[in-house]
Structure formats: C-alpha cells, structure tokens
Amino acid sequence: MPELPEAERARQQIERALEREIVAVDDRDGYVCRPHAPGEIEAALVGRRFTRAHRRGKFLWVETDGDGPELGLHLGMAGSIRIDEEPAPNAWDRFSVEFAGGGRMALRDKRRLGRAVLEPDFSHVGPDAAEIGAKGFAERVGRGTAPIKARLLDQGVVAGIGNLLADETLWRAGLHPRRPAGDMSVEQLRALHRALRSATRDAIRLGGVHTGDFVAERRRDGTCPRCGGAPTSARIGGRTTWWCPNCQP
DNA sequence: AGCATTGTTTCACA
DNA sequence: TTGTGAAACAATGC
C-alpha cells in the first residue's frame, strides 16, 4: 500500500527500533537486497544501533551509530515495516533485523518488490511532496509535454506521489489527468499544489492513501463525491487512471 | 485462465 | 541530448 503516507507511517515505525543493539540480520533474499551478497548487510550492521529514521518521498533510510553505514529501505508495491512482531508465514519477511533482548524489525512484502540496501543513492530523487513549496512545485511540475498525471508520478520531479495519490490530487484540483504539464496556468499549478498538500495531509492523518475522498470511489460503479457522476478510467502515464469527466474537464 | 496491481528501473525511440 | 512511453521485474488476488 505504499505511497508517501504509508512510507511516513513506516518511518515512524522504524523510530520505535532506534538505539537497540543489532545482533543478527537476515539478508538472504538476494533480489530484495541486490546488489549485496548474502551476509554483506549483516556484517555491516551487527553490533551497531539505528540512530535516526529518514524519508524522502517513498524512500526510507536509517542512520547507524559511530561510522556505521546507512541502511536504505523501500516498500515497493506492497511492503510494510513491522516492529517486534512474530515472523510472517511464507517467508514474507524479506529482510529483517534482530535486536538484543529479542525485538526485531522486518520488511514484510508479499510481492517482493521492496528493497534493502547499504548506502542508498538518492541523487535522482526530487524534493519530498509533503515539503515542497508552491514556487518549487510550479517550477518542477509545470513543464514538459507529458500528461500532468505522468509528471506527478515522476519521482525525480517530486517524490512521494503514487498512482492513487495522483488521482486524488487531480480530482481535488479539478484537473484532467491528460492535460500537458507545461500548458498549465499559474493558478492551476497553485490549485494542484494545494490539492496535493491537503490530500497528503488527510492520507497521513486517516491512515493511508486509500482513505481519499475520490480514491474510495475509484472504481467502475463508484460515484463522484462532488457531483454524483460516474468516474471514468483510461491508461495514462502507464497506469490505470480514474477521474470524473464532469469535475475534471 | 487471464489480467491487473498503491513501484522502480531500464531500454527503445522520437 | 533530452524527454517520453513501454516493458521487465515478483507474486498475489480477483
């Protein structure tokens, strides 16, 4: 379920595991832990403690004490962070850390598209969608010929917006997802930025992006909460996109 | 059985 | 060279 709101929730979970001594690491999943060989992450972390948990967009990273490495984490399409829970069945805990005293931290991910890596590189990741100001947002988002929906999903432009948050944001702003990003007026970009902030804030507060007003009606027999009309869908920016043809002309 | 999926990266093409 | 779009990746659920 991970978009920015879920990633922020995961970051808060990791904060529960700070300042505990790491005694073991399960990094045997060579796909989730690529390009590291099994045992590499374990060797770098055992004996250390996590000291701070950070997030930019959907990307998470944790600092360790002393001159220890940073641990990067990504939830992929279906991941979550579990603290002090029993191991999941079917080896769904793709990466885990065991602490002195018996606690643990796990990256639980049925789909296995999540990621754990040492010294993550975020040089290609844009500013966080929850932090960026109106000016920076307009400069970065309001350019190019791609549909605005695709522009919002580009993590190098602004980080943290996923398929559902993009649809919710465009609906709140009353903008058609296929509108070319570079053709939008300053007023429309301002409205889009405000919509992004409110949609993100609501999703974090209510527990996830699926709680969005429009996202909850984002299906074939749904109803637009504003006009009562029927949402429509198409493939835009490589993703299934839903919008209200009446409210988003 | 077949298709879609709340994500990211890589590759082909204009 | 830059930007855009599609495919690949893994595994599950409808």
Side-chain angles (χ1 to χ4, degrees), chain A residues 1-11 28-35 55-61 72-81 88-95 107-117 120-126 128-130 139-171 177-183 196 199-200 202-204 206-222 231 233-243:
Chain A
M1 326 169 193
E3 296 188 29
L4 187 153
E6 289 78 11
E8 173 56 22
R9 179 154 287 212
R11 192 197 64 78
R28 289 172 295 176
D29 191 317
Y31 186 73
V32 169
C33 298
R34 69 190 184 284
R55 178 191 61 76
R56 196 201 305 180
K58 309 168 195 173
F59 294 87
L60 301 164
W61 72 100
L73 296 169
H74 195 288
L75 302 176
M77 190 87 87
S80 62
I81 296 293
N90 304 329
W92 285 337
D93 289 349
R94 309 296 182 179
F95 173 83
L107 170 60
R108 187 164 302 177
D109 179 17
K110 288 187 183 183
R111 299 291 194 274
R112 218 168 148 223
L113 287 172
R115 196 83 189 267
V117 63
D121 172 23
F122 300 128
S123 57
H124 60 297
V125 180
D128 187 81
E139 285 171 358
R140 300 182 70 90
V141 174
R143 56 189 301 166
T145 57
I148 182 59
K149 166 74 181 269
R151 191 85 185 154
L152 289 174
L153 291 176
D154 187 338
Q155 305 301 300
V157 174
V158 169
I161 305 170
N163 196 32
L164 270 49
L165 189 57
D167 282 3
E168 177 74 21
T169 297
L170 287 165
W171 177 79
R178 244 196 271 268
R179 172 167 314 219
D183 282 0
L196 172 62
T200 304
D202 289 353
I204 292 174
L206 297 174
V209 69
H210 60 282
T211 62
D213 297 339
F214 182 70
V215 168
E217 296 295 328
R218 188 182 175 281
R219 59 179 188 274
R220 188 129 334 261
D221 62 347
S233 70
R235 201 158 183 85
I236 304 176
R239 319 287 301 193
T240 297
T241 299
W242 289 86
W243 72 97

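In what follows, chains carry the letters A, B, and so on, assigned in the order in which the sequence lines appear, proteins first and then strands, with residues in each chain numbered from 1.
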Name the closest nucleotide to the [X] side chain, picking from [options].
X	options	result
A:W92	B:dT6, C:dT12, C:dA10	C:dT12
A:H124	C:dG5, B:dT9, B:dT5	B:dT9
A:N163	B:dT8, B:dG7, B:dA4	B:dG7
A:M77	B:dT5, C:dT12, C:dG3	B:dT5
A:V209	B:dT8, C:dT12, B:dT6	B:dT6
A:R112	C:dG13, C:dA11, C:dG5	C:dA11
A:F59	B:dT8, C:dG3, C:dC9	B:dT8

Phosphate-side-chain proximity, [X] and [N], N/O vs OP1/OP2 below 4.0 Å:
X	N	answer
A:Q155	B:dG7	no
A:K110	C:dG13	yes
A:H74	B:dG7	no
A:R111	C:dA10	no
A:R219	C:dC14	no
A:K58	B:dT8	yes
A:T145	C:dG3	no
A:R239	B:dT6	yes

Contact check, side chains of A:T211 and A:D202, non-hydrogen atoms, under 4.5 Å: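 In short, these two side chains do not touch, never coming nearer than 4.5 Å.
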
A:I81 side chain near A:L75 side chain, heavy-atom distance below 4.5 Å: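 A side-chain contact under 4.5 Å exists here.
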
Between C:dA7 and B:dC3 - P atom distance, rounded Å: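 Per the computed distance, 14 Å lies between those P atoms.
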
Separation between the P atoms of C:dT12 and B:dT9, rounded to whole Å: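 Result for the P pair: 23 Å, nearest Å.
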
Touch class at under 4.0 angstrom, heavy-atom based, for A:R235 against every strand present: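 Here A:R235 touches the backbone only, sparing every base.
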
Sugar-phosphate, base or nothing in reach of A:P5, heavy atoms under 4.0 Å: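 Counting heavy atoms under 4.0 Å across all strands, no contact is made by A:P5.
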
Rounded to whole angstroms, how far apart are [atom1] on [X] and [atom2] on [N]?
X	N	atom1	atom2	result
A:D154	C:dT2	CG	C1'	13 Å
A:R34	C:dC9	CZ	P	11 Å
A:R218	B:dT6	CZ	C1'	8 Å
A:L165	B:dT6	CG	P	13 Å
A:N90	C:dT12	CG	P	7 Å
A:R115	C:dA8	CZ	P	19 Å
A:D109	B:dT5	CG	P	18 Å
A:Y31	C:dA10	OH	C1'	6 Å

Whether A:W171 and A:F214 hold their rings parallel, tilted or perpendicular, with breakpoints at 30° and 60°: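 Ring orientation, 0 to 90° scale: parallel.
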
Flag, side chain of A:E8 to backbone of A:K58, donor-acceptor distance under 3.5 Å: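 Here the side-chain-to-backbone pair does not exist.
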
Opposite nucleotide pairing with C:dT1, Watson-Crick or G-U, both atom distances under 3.5 Å: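 The base-pairing partner of C:dT1, which may sit in any strand shown, does not exist here.
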
Any strand: nucleotide that pairs with B:dT6 via Watson-Crick or wobble, under 3.5 Å: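 Result: none.
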
From A:R218 atom CZ to A:L164 atom CG, the distance as rounded to the nearest 0.5 Å: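 It is 4.5 Å, given to the nearest 0.5 Å.
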
Inter-residue atom distance A:R11.CZ - A:L73.CG, 0.5 Å rounding: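 Result: 13.0 Å between the selected atoms.
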
Side-chain ion pair, A:R9 and A:E6, N-O less than 4.0 Å: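 The answer is no: the pair does not qualify as a salt bridge.
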
